[in-house]
Amino acid sequence: MARRMFDLLAVASWSRSFAYALSSDAISVSGTPVNASAPIPEAFVSYSIEFAFFPDFAGNSSLPNTFSNNLLNNLGDLTGTKPYIRVGGNTQDYALYNASLETATYGIVNPKRSVDYPTTLYIGPSYFDSYNTWPDTKFIHGFNLGLGGNTSHPEGWETLLDTVPLACKALGKDKLLGWEYGNEPDLLSTSSQGAVRPPGWNESEYVAQWLNGTRAIKSQLATACPELLGNDTYGYLAPSFAGTNNHLKYWTTWQDGLNADHDIKLISSHNYIGGATQPGVTLQGTLMNHTSTVHSISFQVNESNYLSSYGIPFILGETNSLYNEGAPGLSNSFGAALWGIDFNLWCASVGIRRVHMHMGTDYRYASWQPIQTNKTTIGTKPPYYGNIVVAAMMGNLVENEVQIANLPLEDEKEAAYAAYEGGKLKRIAVVNMRQYNYTVNGTSAVLNPVPRPEQEYSFRVPDYSSKKVHVQRLYANGSDAISGISWDGTSYNWELDEGKPVKLHNVTVGETVEASGGFVKVQVPDSTAVILNFGKS
Ligand SMILES: *[C@@H]1O[C@H](CO)[C@@H](O)[C@H](O)[C@H]1NC(C)=O
Ligand SMILES: *[C@@H]1O[C@H](CO)[C@@H](O)[C@H](O)[C@H]1NC(C)=O
Ligand SMILES: *[C@@H]1O[C@H](CO)[C@@H](O)[C@H](O)[C@H]1NC(C)=O
Ligand SMILES: *[C@@H]1O[C@H](CO)[C@@H](O)[C@H](O)[C@H]1NC(C)=O
Ligand SMILES: *[C@@H]1O[C@H](CO)[C@@H](O)[C@H](O)[C@H]1NC(C)=O
Ligand SMILES: *[C@@H]1O[C@H](CO)[C@@H](O)[C@H](O)[C@H]1NC(C)=O
Ligand SMILES: *[C@@H]1O[C@H](CO)[C@@H](O)[C@H](O)[C@H]1NC(C)=O
Ligand SMILES: *[C@@H]1O[C@H](CO)[C@@H](O)[C@H](O)[C@H]1NC(C)=O
Ligand SMILES: *[C@@H]1O[C@H](CO)[C@@H](O)[C@H](O)[C@H]1NC(C)=O
Ligand SMILES: *[C@@H]1O[C@H](CO)[C@@H](O)[C@H](O)[C@H]1NC(C)=O
Ligand SMILES: *[C@@H]1O[C@H](CO)[C@@H](O)[C@H](O)[C@H]1NC(C)=O
Ligand SMILES: *[C@@H]1O[C@H](CO)[C@@H](O)[C@H](O)[C@H]1NC(C)=O
């Protein structure tokens with residue numbers, strides 16, 4: 001900071017006419033990948049769907065949820081692969097199989113344990129029909145370790161044995177991405193939703209139970225779906241720890257032989273930036289804050305460094321803004337969409353290989369509400385627009401080798417990234433996270449009389465001396481908006497065309513800026529994001 005001020009003053013005092021007076025204020029962007037990630041694997045933008053609510057999101061063969069499918073297609077059209085879907089979460093460790101149940105699920109909400117999901121959950125045979133509704137989609141199915149590994153709940157182990165054949169037949173080679181045995185086992189002995197392990201439960205006990213369960217899954221597969229036992233199809237994501245400093249440690253778990261059978265394909269960690277009711281959590285201070293994102297992900301960066309010698313990709317198998325399903329006014333606002341862009345691109349830049357954004361029916365942080373309920377209107381929610389921008393920044397990951405690099409900025413209320421394709425700069429994303437409310441005190445009756453400030457960003461792009469750069473913008477009236485969002489003049493809202501892209505007529509598109517003399521400048525209003533596209537060089 002001090003250094004830059006000095007440069008600016010020095011240059012200004014020499015002569016204002018020097019063309020490069022601006023250059024000390026410009027952000028340098030290398031034309032080739034520097035400090036960039038390794039090429040990003042396909043389906044970087046993926047989802048995790050709460051086990052109990054998967055039938056709401058997917059529907060079934062007779063009534064497929066085409067709205068969800070449209071939203072998944074939009075992302076697939078941008079990145080070349082539809083998002084991968086992990087079906088799991090807390091309710092995966094409550095799910096018990098009832099062969100006589102005629103509905104997909106039968107859940108009982110116990111408000112003392114959670115108001116947001118059932119803590120008693122039965123699934124019937126038709127649950128697995130929900131895997132038949134989305135074409136060209138790959139899934140991870142989560143099995144119950146919470147009850148399955150506790151001999152006081154024999155119905156848990158019975159569920160494991162009974163449901164492996166149902167899940168493997170529903171998925172088959174084309175849809176199966178992998179298996180998971182247990183969600184956040186590091187919380188099983190302390191969970192505020194009800195502990196199912198004694199307090200001293202440790203890594204070696206966990207490992208023994210995980211190996212016991214996964215071997216049982218393997219032997220059930222050998223009978224029901226032997227074609228799924230090849231190295232290309234059989235494998236797990238694990239340990240799916242809640243991620244922060246809980247009493248089971250990643251490293252110890254690996255030392256204790258979690259991967260003794262060499263069947264872990266992905267090291268999965270979970271992450272939330274903060275809690276929905278945690279004191280002091282705000283949009284600007286917690287979500288629209290690059291420092292907070294970097295700090296939150298530093299845990300995963302450390303773990304993935306420790307574990308890198310195993311050579312297994314490290315992903316976030318479940319993540320979102322604020323745990324306990326998000327906070328209204330924060331997790332469901334446009335500000336959360338901006339957070340999601342910074343969060344996902346930061347993860348990509350530091351070597352997290354895929355990010356599964358978590359959601360459930362009525363969850364405040366969900367990218368979309370798949371059905372109408374008496375709590376939440378069906379529809380595309382702000383976080384989805386953040387997912388779209390991340391996908392646009394990635395581009396087609398099947399056809400191109402895409403690398404993402406963070407471009408350090410001075411203020412924690414902003415972030416910028418570069419995307420390289422085949423080793424050449426192709427896109428720059430800027431997220432201006434300075435909070436701009438369009439309402440006063442959160443009531444749309446009083447509109448903010450203060451005009452929306454904007455920031456100018458100047459990038460030094462040495463390889464582009466003269467070039468038209470295409471600008472795409474993510475726009476809403478303010479960070480407190482929960483509707484009226486557009487990306488590059490397009491809406492994906494349910495009420496327009498069931499989530500399919502619709503060009504809006506009230507938003508300008510086709511904007512360009514000129515890269516000249518190796519510099520490109522763009523104006524970015526507070527609480528918006530842009531992508532600069534350098535196109536073919
Ligand atoms: C690369 O990253 C390191 C560590 O964050 C930093 O010190 C260095 O300045 C970066 N180099 C460039 C060219 O951005
Ligand atoms: C499919 O889902 C609909 C809506 O939830 C439900 O009414 C119907 O019974 C389900 N069909 C089957 C065969 O499970
Ligand atoms: C299983 O479902 C059937 C049909 O709904 C019901 O009669 C039975 O009580 C259920 N069993 C359990 C253990 O919940
Ligand atoms: C595997 O777990 C089941 C259920 O908890 C238990 O009955 C069985 O004894 C375990 N097997 C081994 C080898 O630990
Ligand atoms: C089994 O689950 C109960 C809760 O239902 C818990 O109190 C107990 O500690 C668990 N026992 C073991 C050995 O995991
Ligand atoms: C883990 O718990 C088991 C069973 O109580 C015990 O035998 C073992 O020594 C413990 N391991 C560690 C490292 O504390
Ligand atoms: C599958 O992978 C395991 C562990 O890496 C290896 O030992 C085995 O030979 C492989 N099998 C095949 C058929 O490639
Ligand atoms: C951003 O987050 C960091 C780390 O949590 C915190 O120290 C800082 O005060 C936050 N910034 C704002 C503007 O709240
Ligand atoms: C809302 O819907 C749920 C689930 O269908 C139902 O149990 C509950 O009674 C409904 N509440 C109101 C106020 O209608
Ligand atoms: C907004 O809230 C503040 C603090 O409660 C209050 O002083 C102010 O008058 C309110 N403004 C409007 C327009 O309601
Ligand atoms: C925006 O609104 C929130 C909630 O009403 C308030 O806490 C915050 O201070 C406002 N921020 C700005 C920059 O006006
Ligand atoms: C543009 O039109 C859409 C759909 O009618 C609306 O939701 C949105 O608020 C409008 N945007 C602006 C900037 O007026």
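All ligand and atom numbering here is 1-based and tracks the order in the structure.
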> Judging by distance only, is a nitrogen or oxygen of S100 under 3.5 angstrom from one on ligand 3?
Replying inline: no
Gap between atom [atom2] of [Y] and atom [atom1] of [X] - 0.5 Å precision:
X    : Y    : atom1 : atom2 : answer
I264 : I312 : CD1   : CD1   : 6.0 Å
W254 : N259 : CH2   : CG    : 4.5 Å
F343 : T293 : CZ    : OG1   : 6.5 Å
M357 : S46  : CE    : OG    : 11.0 Å
E495 : S483 : CD    : OG    : 8.5 Å

Per-atom contacts of ligand 5 with [X], taking only distances under 4.0 Å to non-hydrogen atoms:
X    : result
R197 : 9 (O), 14 (O)
H153 : 2 (O), 4 (C), 5 (O)
V196 : 1 (C), 2 (O), 10 (C), 14 (O)

>> Check the orientation of H141 and Y131. Use parallel for under 30°, tilted for 30 to 60°, and perpendicular for over 60°.
In response: perpendicular
> If we ignore angles and hydrogens, is there a donor and acceptor under 3.5 Å between the side chains of R197 and Q209?
Replying inline: yes
Looking only at protein heavy atoms, which one is nearest to [atom], and how far off is it?
atom                    : result
atom 13 (C) of ligand 2 : S62 OG, 4.0 Å
atom 8 (C) of ligand 5  : N150 ND2, 3.9 Å
atom 14 (O) of ligand 2 : N60 ND2, 3.5 Å

Below 4.0 angstrom, counting only protein heavy atoms, does anything approach [atom]?
atom                    : value
atom 5 (O) of ligand 2  : no
atom 2 (O) of ligand 2  : yes
atom 11 (N) of ligand 2 : yes

> For the ring pair (Phe, Tyr, Trp, His ring centres under 6.0 Å) test, which of Y122, F53, Y106, F51 pairs with Y127?
Replying inline: F51
> What part of S189, side chain from CB on, backbone N/CA/C/O, both or neither, has a heavy atom under 4.0 Å from ligand 5?
Replying inline: neither
> What part of Y106, side chain from CB on, backbone N/CA/C/O, both or neither, has a heavy atom under 4.0 Å from ligand 3?
Replying inline: neither
> Looking at the rings of Y206 and F241, which for Trp means the six-membered one, are their centres under 6.0 Å apart?
Replying inline: yes
> So, are E318 and R86 salt-bridged, with charged N and O less than 4.0 Å apart?
Replying inline: yes
> For ligand 3, which atoms, with element, lie under 4.0 Å from some heavy atom of N98?
Replying inline: 1 (C), 2 (O), 3 (C), 8 (C), 10 (C), 11 (N), 12 (C), 14 (O)
> Any idea which of A195, G200, P198 brings a heavy atom closest to atom 9 (O) of ligand 5?
Replying inline: P198
>> Between ligand 5 and S152, is the shortest N or O to N or O distance under 3.5 Å?
In response: no
> Any N/O of E102 closer than 3.5 Å to an N/O of ligand 2?
Replying inline: no
